[in-house]
Asker: 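For reference, the structure I am asking about is given below.
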There are 2 protein chains.
Amino acid sequence: MIASLRKAGYRITPQRLAILKVLAESADHPDVGGIHRKVGRQYPAMSLATVYKTISQLKDLGQVLELEFSGIANRYDGKKPYAHPHVLCECCGKIVDPEVPNTEKFAADLSRATGFRIHSTRLDFFGTCPTCLRKGK
Amino acid sequence: MIASLRKAGYRITPQRLAILKVLAESADHPDVGGIHRKVGRQYPAMSLATVYKTISQLKDLGQVLELEFSGIANRYDGKKPYAHPHVLCECCGKIVDPEVPNTEKFAADLSRATGFRIHSTRLDFFGTCPTCLRKGK
DNA sequence: GTCATTGCAAAGCATTTGCAAGTCG
DNA sequence: CGACTTGCAAATGCTTTGCAATGAC
C-alpha cells in the first residue's frame, strides 16, 4: 500500500501510515468511524476528514474495497481489495467472507445476457449470525 | 397493493393511490425524487415525506422492493417486490433485470457454509449499458 | 521553499422525525 | 368525531468540501 501511494505521487505522512496500518490489520471490515477511533488512540487530533480522504485515495488505487450500504456507514476491506461476496449480520453488524465459487462466471454470463460492460459486482447477503441466533435472535 | 394496505389497517388516501399507481406502472426502478416528481403533476403540494412514509409501509408489507445504494438515492421496484439481481448503468442510471438462474440456491449454500440465517440477498452489478457504450462511454 | 496534506467547520444529500392542521372511515 | 395522514420544517447521520495553517520532500 505504501509503495502504491508513493508511486502515485502521494506523500507518506504519519497519519496516513496509521490509517494504512489499521486497514491492513483489520479483518472485521471496519467503517470510517471505527478506523478513526482506532487511529485516535495514537493521534487524538486526527480528523474524520483525513480518514475519508486517505481511504478515497486507496480506493482509487485499488488497495481498498469499499462496501457501500445505505442507512449505515460504508465498511472497508484492506485485506482482500477485490470484489467478493459478504454476509452481514443485521443484529451485531459482523461481516464475514463466505466461500462461494464461480462469482466471476456470474458477471461474465450477465455481461453476455445484457450487453453491459460490467465494472464491479456486489454480492451481499443479510441475516443473523450464529452467535446472535444463539442469544435468541 | 391497495388490498394489502387496507388489510393492514392503513387508510386509502388520494396521495397514496397516486404513489401506488406510479410504483405499479414504473418499470424503471424510480427513486423517491422521481416518484415525487411524477405524482407532483397531479398533486403539486405533495410532500417528499409522504412519499417516504408510503413507501416505507409498502416495504413493510412486502409490496415493494427497496434497492439501497450509498451515495445515490435508493431505487424502488413495485413490479417484482422480491430479491432478484440488478444491473445498473453508472453512466445514465438505468437499471435492468437480467436473467440469472439459481439465485436462491446461492443463498442456501451460503447459509450452510456460514451458519447464518439469511433474510435477504443483494446481487448487483455495476457497469455501462449498451446505449452509453455506443455514445463512447 | 513548494505544494500536498491536515484539521476544523460548514455544507451537502438522502432520509427521518415532530407536530399542527386536515381528512378518511 | 377520533385516529390516522399530510405537509412543512427541523433534525439526523454519513460524507464531502473550503480554507488557513502545517509539514513532507
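Chain naming here is simple, since letters A, B, ... match the order of the sequence lines and numbering starts at 1 in each.
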Asker: Parallel, tilted or perpendicular: which describes the rings of A:Phe126 and A:Phe69, with under 30° parallel and over 60° perpendicular?
Answerer: perpendicular
Asker: Closest approach to the side chain of B:Gln57, judged atom by atom: which nucleotide of C:dG25, D:dT5, D:dT15 is it?
Answerer: D:dT5
Asker: Please state how far atom CG in B:Leu48 lies from atom P in C:dC13, giving the value in whole angstrom units.
Answerer: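 Those two atoms, CG and P, are 14 Å apart.
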Asker: If you look at every heavy atom in A:Val64 and A:Tyr76, which pair is closest and at what distance?
Answerer: CG1-CD2, 3.8 Å
Asker: Could you check B:Tyr10 against B:Ser70 and say which one's nearest nucleotide on DNA chain D is further toward the 5' end?
Answerer: B:Tyr10
Asker: Could you tell me the separation between the NZ atom of B:Lys53 and the C1' atom of C:dT15, rounded to a whole number of Å?
Answerer: 12 Å
Asker: For a quick test of reading the model: is some side-chain N or O of B:Asn74 closer than 4.0 Å to OP1 or OP2 of C:dT15?
Answerer: yes
Asker: Just to confirm, is there a sub-4.0 Å distance from OP1 or OP2 of D:dT15 to any side-chain nitrogen or oxygen of A:Tyr52?
Answerer: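 For D:dT15, OP1/OP2 do have a side-chain N/O of A:Tyr52 under 4.0 Å.
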Asker: Out of D:dG7, C:dT6, D:dT5, which has the shortest distance to the side chain of A:Thr13?
Answerer: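 So the side chain of A:Thr13 is nearest to C:dT6.
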Asker: Taking all non-hydrogen atoms of both residues into account, name the closest pair between B:Glu90 and A:Ser120 and its distance.
Answerer: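 The answer is OE2-OG, 4.3 Å.
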Asker: Return yes when atom NZ of B:Lys94 has more than 12 non-hydrogen atoms of other residues, nucleotides or ligands closer than 6.0 Å, and no otherwise.
Answerer: yes
Asker: In whole angstrom, what separates A:Leu17's CG from C:dT5's P?
Answerer: 13 Å
Asker: Could you tell me how far apart A:Tyr43 (OH) and C:dT6 (P) are, to the nearest whole angstrom?
Answerer: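 One finds 11 Å between P of C:dT6 and OH of A:Tyr43, rounded.
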Asker: Select one nucleotide: of D:dT6, D:dT17, C:dT5, the one nearest the side-chain heavy atoms of A:Arg11.
Answerer: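 Closest nucleotide to the A:Arg11 side chain: C:dT5.
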Asker: Describe the nucleic acid contact of A:Pro14 in one word from base, sugar-phosphate, nothing, applying a heavy-atom distance below 4.0 Å.
Answerer: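 Sugar-phosphate only.
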Asker: Calculate the interatomic distance between B:His36 atom NE2 and C:dA14 atom C1'; express it in whole Å.
Answerer: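 Rounded to the whole Å, the gap is 14 Å.
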Asker: In whole Å, what is the span from the CE atom of A:Met46 to the C1' atom of C:dT5?
Answerer: 11 Å
Asker: Give B:Ala73 one of three labels, base, sugar-phosphate or nothing, depending on what nucleic acid heavy atoms sit under 4.0 Å from its own.
Answerer: sugar-phosphate
Asker: Scan B:Asp31 against the nucleic acid and name what it touches under 4.0 Å (heavy atoms): base, sugar-phosphate only, or nothing.
Answerer: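 Nothing, no heavy atom under 4.0 Å.
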Asker: Pick the nucleotide of DNA chain C nearest each of B:Gly71 and B:Arg6; which residue has the one closer to the 5' end?
Answerer: B:Gly71
Asker: Does OP1 or OP2 of D:dG7 have a side-chain N or O of B:Thr50 closer than 4.0 Å?
Answerer: yes
Asker: What's the CD1-P distance between B:Ile12 and C:dG25, to the nearest Å?
Answerer: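 Rounded to the whole Å, the gap is 7 Å.
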Asker: Side chain of A:Ala49: nearest nucleotide among C:dA9, D:dC8, D:dT5?
Answerer: C:dA9
Asker: Rounded to whole angstrom units, what separation is found between the CD1 atom of B:Ile35 and the C1' atom of C:dA14?
Answerer: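 Answer to the nearest Å: 14 Å.
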Asker: For a quick test of reading the model: is some side-chain N or O of B:Gln15 closer than 4.0 Å to OP1 or OP2 of D:dG7?
Answerer: yes
Asker: B:Arg16 side chain: which of C:dG7, D:dT5, C:dT15 is closest?
Answerer: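 The listed nucleotide nearest to B:Arg16's side chain is D:dT5.
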Asker: Between B:Arg122 (side chain) and B:Leu67 (backbone), is there a donor-acceptor pair under 3.5 Å?
Answerer: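 No.
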Asker: Are the charged groups of A:Asp97 and A:Lys80 less than 4.0 angstrom apart, N to O?
Answerer: yes
